[in-house]
Structures are given as structure tokens and as C-alpha cells.
Amino acid sequence: KGKALVCQKAEQTFCNSPCGITDQFVCACGEAGHALLIDCRPPYATESVPLSDPRIALVVADSNVKPQLSGSEYPDRVQQCKDACAAMQAAGHSE
């Protein structure tokens, strides 16, 4: 987990990219044949979930769209989510 958090901080600081944590956690904590369940709230609990059930099919598609967090609306969405969480907490919701 520590490596993922350091990588996120580096991407945010040196690349000026307001990225989340999922990519870094999957790279640092992922296991072959498993999905990674991540609670994106500190202390960032994770759980490896086996994908061994033959009824499960995983489809990966490449849209050929290059991700662009810097200069996109992503920072606005992050702030909107933070504002919504703060409003919900102020209204008495715990999570």
C-alpha cells in the first residue's frame, strides 16, 4: 500500500495530474487471477477476490482514447464529489 501511495503522490506532484489511487493500487497490490477490491478511504483496505468461478467472464476493451486527467474536467469532478461528501456529512450521514 505504501508504494501505491508514494506513486500516487509522485504523479500528483511531479506530473501535476490529479489522479486517484486505483491504478497504483492494482499495480502494487494486484494478484494474477484476482480482482482487487479497494476501499479508497484511508487506511485503504484491500481484498483480493479470486476470479476462479468458470461462470465469470472478464471482458477487456481498448477504446483507443488516451486518458487525460490534466487539463480535463476530472479535477472538477473530484472537487464536486468532495463537496457532496461534505454536504452529506453536515446533514448527518457518516459515510
Side-chain angles (χ1 to χ4, degrees):
K1 292 179 189 177
K3 186 184 292 187
L5 293 170
V6 167
C7 290
Q8 178 196 33
K9 186 69 173 172
E11 192 169 351
Q12 290 173 340
T13 303
F14 299 109
C15 299
N16 197 27
S17 178
C19 64
I21 193 68
T22 54
D23 292 349
Q24 295 84 350
F25 260 71
V26 169
C27 290
C29 305
E31 297 178 49
H34 292 72
L36 186 64
L37 178 62
I38 305 168
D39 183 342
C40 293
R41 301 166 297 179
Y44 305 105
T46 61
E47 179 183 348
S48 287
V49 180
L51 296 176
S52 55
D53 187 331
R55 297 172 296 171
I56 295 174
L58 182 63
V59 178
V60 178
D62 183 358
S63 66
N64 283 324
V65 174
K66 300 226 184 249
Q68 188 178 24
L69 298 180
S70 244
S72 72
E73 293 181 5
Y74 182 80
D76 296 334
R77 298 299 162 266
V78 170
Q79 189 58 52
Q80 289 169 344
C81 288
K82 288 179 180 179
D83 293 345
C85 286
M88 290 175 67
Q89 287 175 344
H93 299 282
S94 62
E95 292 185 35

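- Listed by chain and number, the hydrophobic cluster partners of Val6 come to none, as no ILVMFWY side chain reaches under 4.5 Å of it.
- Every residue two or more places apart in sequence or in another chain that forms a side-chain contact (heavy atoms from CB on, under 4.5 Å) with Pro50 is listed here: His34, Ser52.
- A donor-acceptor pair shorter than 3.5 Å can be found between the side chains of Asp83 and Gln79.
- In plain terms, the two heavy atoms of Cys40 and Thr22 that are nearest each other are SG-CG2, 4.2 Å.
- Note on residues 47-65: pairs passing salt bridge (charged side-chain N to carboxylate O under 4.0 Å, His left out), not counting sequence neighbours, are Asp53-Arg55.
- Each salt bridge (charged side-chain N to carboxylate O under 4.0 Å, His left out) pair with one or both residues in residues 12-39, not counting sequence neighbours, appears once here: Asp39-Arg41.
- Qualifying side-chain contact (heavy atoms from CB on, under 4.5 Å) partners for Gln12, counting only residues two or more places apart in sequence or in other chains: Gln8, Lys9, Cys19.
- The hydrophobic cluster containing Tyr44, built from Ile/Leu/Val/Met/Phe/Trp/Tyr side-chain heavy atoms closer than 4.5 Å, also comprises Leu5, Ile21, Phe25, Val26, Leu36, Ile38.
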